[in-house]
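What follows is a short report on a single structure.
Residue numbers start from 1 in every chain, and the chains themselves are labelled A, B, ... in the order their sequence lines are given, proteins ahead of strands. Note that the structure is predicted; figures quoted are calculated from it, not measured.
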Amino acid sequence: MSKTETGSPGKMGKWTRRAFIGAGVVAGSALVVGVAVRPGNPIDRLSPMLADGKDEQLLNAWVKVDADNIVTAVIPHVEMGQGVYTALAQMLADEMDADWNKVQILEAPADKQYVSDSIGRDFLFPDLEVPALFEPTVAGGILELAQAMGLQFTGGSYSVRATGQRAMRTAGAAAREMLVAAAASEWQVPAGEITTADSMILHAGSGKAEPFSKFALAAAEQSLPAKPTLKSPENYKIMGQSKARHDIPGKVDGSAIFGIDANVPGMKYAAVKAAPVVGATVESMDATTARTMPGVLQILNMGDFVAVVADGYWQAQQALNSIDTKYSKTEGDSLDQEALFARYATHLDEAGENGGDVETEEGDVGKGFAEAVTKVEAEYKVPFLAHATMEPMNCTAWVRDGKCDVWSGHQAPVNARQAAADAAGLAFEDVTYHNAFLGGGFGRRSESDNIIMATRIAKATGYPVKMIWSREEDTAQDHYRPSATSRFQGGLDKDGKAVSWSNIHTHLFDPKDAPTVPYYNIASHKIRKVDVPTQLRFGPWRSVDHSQHGFFIESFVDEMAHAAGKDGYAFRRELLAGSPRHLKVLDTAAKMSGWGSALPERHGRGIAFVPSFGSIVAQVAEVDMSGPKPKVTKVYVAADPGFVINPDGFTAQMESAIVYGLTAALYGEISIKNGEVQQSNFHDYPMLRINEMPEVEVALINGDHKRLGGGGEPGLPPIAPAVTNAIFAATGTRVRELPLSKHSFA
Amino acid sequence: MKTLRSLACLAPILLAACGADPAPGPVEQIIVREAGAKTAAPAPAAATGDAAGALIAEGKAAFANCSACHAVAKDAPNGAGPNLFAIVDQPAGQVAGFAYSDALKASGITWTAAELDGFIADPSAKIPGTTMITGAIADAATRQAVIAYLESITAN
């Protein structure tokens, strides 16, 4: 098992079969604490997987201490550039009083024991408050549910706020208490006189000082702390610090292994092309040329896609390109962009004043709107978006002798393993899933289509095959962020105060609160949705529904402010009156930006405010509209995720969310013609260039250390409306449809 | 199409939970060659087959270090670096239409094999201030091969 020390990080620890087989020599007893381990005793199965030497004792599900006094944090989440390894290890190490320079990180195997029940709890019962962390019935029940669904999932900006807060910290604190108890009994001193620091156990009175490892065995015999005491923020030593990211050195020196780097002896390569219209099947393929091309081993018509297997990837792709394929007709063949938006409009029209599904309702919007002095109405549209992960979709699979090995980078490794098992027609236990770094996830890698395809190909060939999608395939066969239309009616009273808010929109995916505005103090509001069928596959896309609704809501708030004759910042302040935590975020962003100060001709400032995934974020964008296309020159961000575990990492997430969200706002559009996606590669699905990147300034606020919010997604929703509101300020033109490249501002 | 799914019920999770998807095998499987079987011997990379040819072929392969930035075909456009067609024995900084650094323009170098060797080994040491900031080749034998390849690309 390869390992990383913080001091000299190189290759990241990954689960290997060897480690698993090395199990036999595990010594000592082991102890499990933590909420993600099922009551019962999973230790027989877990300890052999964690320990690869006889000197090591498993301390609990998220941490082990070995004879060198190295503390290994076992992270049940995947690293896709968001820095989760580091942040979660910080949470564990701090509670444990571990020496940060002697902390190693190991990604948990794709084993059902590692499903994060804290995530399960937040997904399933978001409002459930569980005072004690060890609630066997609740935790046990959730774990079973989570296991049933195969949740070992990295997404929803959940890692730090759920697994970190509830599992890693608890595990660290419990481990520490057990080590202290073991030392107390050996030294015959009260546990209360013992202190810990830098992976050492100390007793001031007698001058005794020993490393954690000395008591690892004895600690395992201690009784399980019922409720380990967690530190309060003034005692944090590692949390709140910008510790260097564990995954970065390997990414800089090239030693980091991504899914696409899988290397299996005897492996061949596959290129694939799926039917361009979802639901169509391959009717015929003419492979006359392909079979004569160099390196070609097999040509497969898999029904829903064609694959060429060859000695090299390029050979496979070239041969694939030469194949003439005919597809079956589907109902979706006639679908195009305009017709789709027309279909959205029809469904919205049909829902009328009272139809559709009500999502939230408070007060009487009908009355509120009727009595309003000023009425504002608007309709907004956003397109489908692809994920465009830098690492193209890929998967390597090997199916033989009733077993299957699969290598990829997946946001939900347990699901990937199950998907491979189903595709291979094998039991879950017969599949070993090897997860690697993800070269971008953004939600795309929570889907298992690539896993299933590769496993099917490998099953047909019998030898290991690495399937790599071309960028064209990646763009045309994504699970897209849904396109959507949203309509609003808002009412203002004689003082220009918002009194009614009514919204109806197409689709609701996740999270449920995305279209709602509970933080804005508006007397009556009603929010509805209509479902409109399309054949395109939808998938979660960084910040999911907040990516559309952030734009819709914050554009409309700006329109209401304008109608009220008020400044966008001042108007939002009124709506947030009575929520000091929200106000502080809004005020911070406005203040940083010098809100209200003069700007040159055709320059403008826009503000947007979106709480999502438990974090509150406000952004002010500055645009320069003096040229032919919008130039975003500066973005000021204020964010309150409760407590920031790693400020540098969190700031990077805010910045990267702006890169991703601004790309979408400026250019992002997947459009459909004759049922097919029209875009194929970066020339027609462009990314933000470095010269277009605004300067970003981030202020972090620790508003409530007990309720943490996420970091990966909340930076995204405000950027589009901040920019379009700024464009309005600069030009008087209101943008109601994204992307901006559709509009001319000359 | 399911339009209403919560994150807890993302497609793969549904799939995992139900195990519903049967995995169809191939409708048509054309086996052109078994995985272990040898492919028809490819034409040798260098037609000449002699030692010089082999060195040039090796250099051509090693030029992959350079080709992201440099074209070598006659009249091919400049990339991040200038076109290196027939560069050997030419004065530095003379390729039309390329915006050289002042350092390289003022270097006064003529690209003999020896000068090239020094430059490719460590561009910034040879010409402090050059904008060729990556692409160095540390291995002397590989440099010789690359230079042999560049020498083979001449006007005639």
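The contact list for residues 298-307 of chain A toward chain B, using heavy atoms and a distance under 4.5 Å, reads Gln298(A), Ile299(A), Leu300(A), Asn301(A), Met302(A), Gly303(A) by residue number.
Of all non-hydrogen atoms in Ala35(B) and Leu297(A), the two that sit nearest each other are CA-CD2, 3.8 Å.
When heavy atoms are compared at a cutoff of 4.5 Å, Ala287(A) approaches chain B solely by way of its side chain, counted from C-beta outward. At a 4.5 Å heavy-atom cutoff, the contact between Arg456(A) and chain B is made by side-chain atoms alone. For Lys268(A), the part sitting under 4.5 Å from any heavy atom of chain B is the side chain, from C-beta outward, and nothing else.
By the 6.0 Å contact criterion, NZ on Lys60(B) is open, its count of non-hydrogen atoms from other residues, nucleotides or ligands being 12 or less. A 6.0 Å sphere centred on CZ of Arg343(A) holds more than 12 heavy atoms belonging to other residues, nucleotides or ligands. The environment of CD in Glu283(A) is crowded: more than 12 heavy-atom neighbours from other residues, nucleotides or ligands sit within 6.0 Å.
Under the 4.5 Å side-chain criterion, counting only non-hydrogen atoms from C-beta, Arg33(B) is in contact with Asp311(A).
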